[in-house]
Amino acid sequence: MRVRFWGVRGSLPSPGVHTNRYGGNTSCVEVRIGDQGPRIIIDAGTGIRKLGKDMANAEFGQGQGAAHLLISHTHWDHIQGLPFFSPLYHKGNRIFVYARQRDDTHLRAVFQSQTEDPYFPVPFDSVQADVALRELIEGARFEIGPVKVSCTRLNHPWIAMAYRLDYEGHSLAYVTDTAPFRDILFEHEFIQSPPEPGAPMRPDDARKLKVMRDGVVRLCEGADLVIYDTHFTPAEYRQFPHWGHSTPVDAMEIAEEAGARMLALFHHAPSRTDDELDQILLESRRSTRKLDVIAAKESMEVDLATPAAAAAGEH
Amino acid sequence: MEITFWGVRGSIPAPGPETNRFGGNTSCVGVRSARGELVILDAGTGIVNLGKKMMTQEFGQGRGEATILLSHAHWDHIQGFPFFVPVLIPGNRFTVYGPSRSSGMLEGILEGQMNPHFSPLYTLKNMGAALEIHAVGEGQTFEAGGLKVTGRLNPHGTTKALAYRLEEKGRRSLVYASDCGYTQNGPTTEVLELYRGADVLVHDCTYTPEDRAERLGRGFSSILEAAQAAARAEVKHLVMFHYDQDYSDEQVDALMTRCRQMLDEAGGKHIKLTAAAEGLTIRL
């Protein structure tokens, strides 16, 4: 199983000289299973545009491809590249899209409204590829060819899903977007302003967060690679705990507890410069002996079957 | 009038070293009138950096007022709006104009972007600043930031986009014409009149003529339509804008060289030509 990063940014694409090394595209990760295995993609931020062009050079350009797209949640930065994913525009391709089942509407309606008039010229239902939607409930387990997939919910406004992929003894966990499992329970209500620091939580909320956290630790258990939302520095988190993102400290805590091997810092804030990310990576590495920490960057490829030190290459 | 480019790209932001010089943010142009008031043309991702600059001024204290003119509501012209920090600050006031059948419908279009399935802000009402939203009809004229503004619709694929003319009283004029999918006859007489004699015409230059020919249905101009429109309307300065997301800096350089030749051939030898780039400021 090989993982390649096409978009590593959160919230908003961030072009400019200060993001040239880590990349300015929003979230998109490609997973390759051997040479013949299924094509799996996680999230469809702007990074998926270049992945799509790459795929169109092979069978997807002839309308003979099949791909499986796992969506963590439908906030803009995780779906805004989808209308620019060229395999959608070749008849014969089959694209399976997996996302959390809604409480208020069906998934097709959500994707339809992304590209309806007047926002985009090509409606969702007019793309040439065969697009099949798969609505997931929390805790669902399913298979994509030889790959076992499981999911659990995260602590994020309107709820996001984390995914785990298992194949031939190797495993990947994708955990974004999420706030830490303390301070605030995110569900469907808008949280206007942050709670008082240290204010006691409602016991019901605290219980729900404990269950959610246990689910995430279980999902990451023994994973070769955990990709985790590290949007914030600890100081930023204290200022914006109601935005639904974590810090490298939170990510390391979960990944260590789960006995994971590698941790990829991911969903970098749009304003984070390359030099700041270098520094955050350095500090994170200093504060753990148990994990091999990397900072996700565009074009970086990680082979889960190789020892940690050699796993992360750039192409 | 002072014109600053904050986003010059079309369709989708295009980060990466290959777009460092012209920039990868989607459409946004800031105009400071002689009276010192701010009029913003389109709210692509470029508006985010403009917003950061505004936060160092009165908008940081919730005492700012500005106008936003939207050409149309395709994502690349509104996607920066939820990340435009001045709009989150209570006390700031924005008047938003755009093409729609009614002001309520335009508000609904902007509201659709904030839907909680897509945005953690849930609704425009959580944005803090006061928003006043007005639909603009074909040929309508109104006042904004001390400028006389006129809007005219151009065809744009399956929809239409407003071109705006901004005039300082008795003085300089700017025309912003992004996403122009003219018929083979070029701009209509009314649109040519809107462009007529402008000191600056910012015009859709998404494609080379060859790429446009392959993607006619998308409703964009190539450098050829831009050069011909500029020459026919006898503008003084043509500014290329809204480059395709796949064009590298070198390709935009090449677009400019060819556009110069096309301007000359169209009878516009005296027309100044500039390729818009993030951070570029033009003072009139």
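In what follows, every chain begins at residue 1, and chains take the letters A, B, ... in the order their sequences are listed.
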Check each atom of A:Thr74 against the heavy atoms of chain B and say whether the ones under 4.5 Å are side chain, backbone, both or neither. both
Given heavy-atom pairs under 4.5 angstrom as the criterion, report whether the side chain, backbone, both or neither of A:Tyr119 touches chain B. both
B:Lys52: partners by salt bridge (Lys or Arg N to Asp or Glu O under 4.0 Å), with sequence neighbours left out: none
Which bit of A:Ile79 is near chain B, if near means a heavy-atom gap under 4.5 Å: side chain, backbone, both or neither? side chain
Counting only heavy atoms not in A:His242, do more than 12 fall under 6.0 Å of its NE2? yes
From the list A:Ser14, A:Pro13, A:Ser271, the residue making the most non-hydrogen contacts under 4.5 Å with chain B is A:Pro13
Measure distances from A:His188 to the heavy atoms of chain B and classify the residue's part below 4.5 Å as side chain, backbone, both or neither. backbone
Nearest-0.5 Å distance that lies between atom CG in B:Leu121 and atom CZ in A:Phe190: 6.0 Å
Residue pair A:Val110 / B:Phe118, side-chain heavy-atom distance below 4.5 Å: yes
Using a cut-off of under 4.5 Å on heavy-atom pairs, state which of A:Gly24, A:Pro270, A:Pro83, A:Gly81 scores highest against chain B. A:Gly24
Under 4.5 Å from any heavy atom of chain A, what part of B:Gln113 do you find: side chain, backbone, both or neither? both
Of all the residues in residues 7-26 of chain B, which have a heavy atom that comes within less than 4.5 Å of a heavy atom in chain A? B:Ser11, B:Ile12, B:Pro13, B:Ala14, B:Pro15, B:Gly16, B:Pro17, B:Glu18, B:Asn20, B:Gly24, B:Asn25
Taking non-hydrogen atoms and a cut-off under 4.5 angstrom, which of residues 70-81 of chain B neighbour chain A? B:Ala73, B:His74, B:Trp75, B:Ile78, B:Gln79
State, with a plain yes or no, whether a side-chain heavy atom of B:Tyr122 is found less than 4.5 Å away from one of A:Pro157. yes
Is A:Arg9 close to chain B through its backbone or its side chain, or both, or neither, when contacts mean heavy atoms under 4.5 Å? neither
Is there side-chain contact between B:Pro120 and A:His75, with heavy atoms separated by less than 4.5 Å? yes
Answer key: most heavy-atom pairs under 4.5 Å with chain B among A:Thr105, A:Asp117, A:Asp104, A:Thr19 is A:Asp104
Side chains of A:Ser11 and B:Phe83: closer than 4.5 Å at any heavy-atom pair? yes
Could you tell me which residues in residues 209-218 of chain B have at least one non-hydrogen atom under 4.5 Å from a non-hydrogen atom of chain A, sorted by residue number? none
Strictly below 4.0 Å, N to O, side chains only: are B:Asp246 and A:Lys50 in salt-bridge contact? no
Is the shortest side-chain heavy-atom distance between B:His117 and A:His73 below 4.5 Å? no
Taking the side chain as every heavy atom from C-beta outward, state whether A:Pro118 and B:Ile109 have any atom pair closer than 4.5 Å. yes
Relative to chain B, which segment of A:Asp77 carries a heavy atom at a distance below 4.5 Å: side chain, backbone, both, or neither? neither
Chain A interface, residue from B:Pro116, B:Pro82, B:Gly157 that has the most non-hydrogen pairs under 4.5 Å: B:Pro116
Toward chain B, the part of A:Glu116 with a non-hydrogen atom under 4.5 Å: neither
